[in-house]
Amino acid sequence: MARRFDSVAVLTGAGISAESNVPTFRGKDGLWRQYRAEELATPGAFQRDPILVWEWYDWRRGLIASCEPNAAHRTLVDMETRCEDFVLITQNVDGLHQRAGSSRIVELHGNIWEMRCTAENATSENHDVPLPQIPPMCSCGAPLRPHVVWFGESLDPDRISAAYRAVERCQLMLVVGTSAVVQPAASLPAIAKDSGAYLIEVNLEKTPLSPWADEVILGPAAEELPRLWGRLKESFC
Ligand code: OAD
């Protein structure tokens with residue numbers, strides 16, 4: 001590849017953690033009991049039935065705790081190490097990028113290992129698996145909620161601004177394992193492309209983003225991303 005990339009942005013979704021055995025949202029394994037993420041990850045669902053919502057999160061936390069980062073997560077650590085202007089934007093809340101060693105991360109949808117007081121909004125880290133009490137309670141007496149973005153809620157303005165800044169200036173954007181249907185994350189690659197970036201998508205299947213991409217690599221991220229890195233290394237930073 002003749003181009004040189006001094007500035008890189010990456011957008012990841014649930015598919016990058018699929019080979020770590022974290023279920024994706026829209027795949028056949030994305031179901032939990034008879035519910036779908038869209039029916040549980042909402043403020044209304046939490047208001048109606050906080051115990052049910054917390055049981056779902058407790059189940060996911062237990063599952064994620066037993067998972068390890070895979071070769072795709074580790075490849076992004078190598079890229080970050082190699083490139084001064086590198087931003088990893090993730091929709092995932094599983095924390096596997098951090099566990100792999102990535103540090104320049106924008107967690108657009110929050111983190112499943114953080115909780116937020118429903119009265120005071122203070123956030124705290126919590127790694128208890130399983131949770132000793134459902135719903136977990138703040139010391140102020142109010143219930144805690146997962147510090148994640150639910151359907152119908154706005155993203156943290158600082159995080160989405162950081163993501164926009166990264167995609168507007170990047171010369172290369174990689175999009176890995178996202179169905180590219182949830183906004184505003186889904187529009188980030190198009191912004192990068194409009195700003196002149198070279199766009200590469202890695203996914204098991206084509207997505208609404210594929211027509212925008214300069215390259216669409218169909219295959220599992222844990223195989224394809226290390227292979228792609230082997231090819232891109234020389235063009236990096
Ligand atoms: P989805 O479950 O919608 O999509 C996962 C994508 O990963 C699909 O396009 C799959 O084809 C692809 N995929 C699956 N296994 C893969 C593999 N081994 N290698 C590469 N690709 C693979 O997940 P997201 O796009 O992340 O939001 O979903 C976006 C948001 O919707 C989530 O962050 C969450 C969800 O509801 C909130 O919770 C706010």
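Quantities reported herein were computed from a predicted structural model and do not represent experimental measurements.
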Side chain to side chain contact (heavy atoms under 4.5 Å, CB included) evaluation trace for Val202 with Val175: CA-CA 6 Å; Val202 179; Val175 184; over 6 Å; no
Cys170/Val8 under side chain to side chain contact (heavy atoms under 4.5 Å, CB included): CA gap, chis, key distance, verdict: CA-CA 5 Å; Cys170 72; Val8 179; 5.8 Å; no
Leu76 and Val10: CA distance, side-chain angles, deciding distance, side chain to side chain contact (heavy atoms under 4.5 Å, CB included) verdict: CA-CA 9 Å; Leu76 296 180; Val10 182; 4.0 Å; yes
Pair Leu131-Met115, side chain to side chain contact (heavy atoms under 4.5 Å, CB included): steps then yes or no: CA-CA 12 Å; Leu131 288 165; Met115 297 182 177; 3.5 Å; yes
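Counting only distance, with no hydrogens or angles, the side chain of Asp128 and the backbone of Pro130 share no donor-acceptor pair below 3.5 Å. Side-chain atoms of Arg116 do not come within 3.5 Å of backbone N or O of Pro146 as any donor-acceptor pair. Without hydrogens or angle criteria, Arg145 side chain to Val148 main chain gives a donor-acceptor distance under 3.5 Å. Distance alone, capped at 3.5 Å, places no donor-acceptor pair between the Arg99 side chain and the Pro69 backbone. Formation of a donor-acceptor pair under 3.5 Å by the Arg104 side chain with backbone atoms of Leu88 is not found in this model. Proximity of a side-chain donor or acceptor of Gln183 to a complementary backbone N or O of Ser187 within less than 3.5 Å is detected. Looking only at distances, a side-chain donor or acceptor of Thr118 sits under 3.5 Å from a matching main-chain atom of Pro143.
Side-chain contact of Glu125 with His127: a donor-acceptor pair under 3.5 Å is present, judged by distance alone. Counting only N and O atoms by type, the side chains of Glu114 and Ser124 include no donor and acceptor under 3.5 Å apart.
Salt bridge Arg165/Glu168: absent, no basic N to carboxylate O contact under 4.0 Å. Between Asp6 and Arg4 there is a salt bridge, with a side-chain nitrogen of the basic residue lying less than 4.0 Å from a carboxylate oxygen of the acidic one.
Taking both residues in full, the closest heavy atoms of Ala222 and Ala71 are given as O-CB, 3.5 Å, listed atom of the first, atom of the second, then distance. Residues Val176 and Ala221 come closest through the heavy atom pair CG1-CB, 3.7 Å. Of all the heavy atoms in Ala180 and Leu209, the pair that sits closest is CB-CB, 4.1 Å. Of all non-hydrogen atoms in Cys138 and Leu144, the two that sit nearest each other are N-CG, 3.6 Å. Annotation for Ala166 and Ile89: closest pair CB-CD1, 4.4 Å, computed over non-hydrogen atoms. When all heavy atoms of Ala65 and Val129 are compared, the pair lying nearest together is CB-CG2, 4.2 Å.
Remark: Asp49 CG to Leu40 CG distance equals 9.0 Å, nearest 0.5 Å. If you take CD1 on Ile16 and OG1 on Thr24, they are separated by 13.5 Å, rounding to the nearest 0.5 Å. Annotation: the span from Glu215 atom CD to Leu174 atom CG amounts to 9.5 Å, rounded to 0.5 Å. Taking CG of Leu172 as the start and CG of Leu232 as the end, the distance is 6.0 Å to the nearest 0.5 Å. To the nearest 0.5 angstrom, Ser7 atom OG is 10.0 Å from Phe236 atom CZ. Atom CG of Leu188 sits about 15.5 Å away from atom NZ of Lys193, to the nearest 0.5 Å.
Within the cation-pi definition used here (under 6.0 Å to the ring centroid, within 45° of the axis), Arg61 does not qualify as a partner of Trp54.
Looking only at side-chain heavy atoms (C-beta outward), Thr178 and Thr12 stay at 4.5 Å or farther from each other. Between Cys140 and Cys117, the closest side-chain pair of non-hydrogen atoms falls below 4.5 Å. Arg74 is not listed as a side-chain neighbour of Asp78, based on a closest heavy-atom distance of 4.5 Å or more. The shortest side-chain heavy-atom distance between Glu201 and Thr207 falls under the 4.5 Å cut-off. A 4.5 Å side-chain heavy-atom check between Lys206 and Leu218 finds at least one atom pair inside the cut-off. Using a 4.5 Å cut-off on side-chain heavy atoms (C-beta onward), Arg169 and Val87 make contact. Contact of the Pro50 side chain with the Val53 side chain is not registered, since no non-hydrogen atoms from C-beta on lie closer than 4.5 Å. Looking only at side-chain heavy atoms (C-beta outward), Asn121 and Thr123 stay at 4.5 Å or farther from each other.
The cluster map of Ile, Leu, Val, Met, Phe, Trp and Tyr, joined by side-chain heavy atoms under 4.5 Å apart, puts Val149 and Ile64 in different clusters. Under the 4.5 Å side-chain heavy-atom criterion for Ile, Leu, Val, Met, Phe, Trp and Tyr, Tyr57 and Trp59 are members of the same hydrophobic cluster. Hydrophobic cluster membership is shared by Trp113 and Leu63, with clusters built from Ile, Leu, Val, Met, Phe, Trp and Tyr side chains linked at under 4.5 angstrom. No single ILVMFWY cluster, assembled from side-chain heavy atoms under 4.5 Å apart, contains both Leu108 and Val181. Linking Ile, Leu, Val, Met, Phe, Trp and Tyr whenever their side-chain heavy atoms come within less than 4.5 Å leaves Ile105 and Val167 in two separate clusters.
Atom CD of Glu84 has 12 or fewer heavy atoms from other residues, nucleotides or ligands within 6.0 Å. Applying the 6.0 Å contact sphere to CD of Gln47 captures no more than 12 heavy atoms from other residues, nucleotides or ligands.
Applying the side-chain hydrogen bond (donor to acceptor under 3.5 Å, both in side chains) test between Glu107 and each of His97, Gln98, Arg159, Gln91 identifies Gln98 as the sole match.
Qualifying disulfide (SG to SG under 2.5 Å) partners for Cys83, counting only residues two or more places apart in sequence or in other chains: Cys237. Ser17 is linked by a side chain to side chain donor-acceptor pair (under 3.5 Å) to His73, Asp94, counting only residues two or more places apart in sequence or in another chain.
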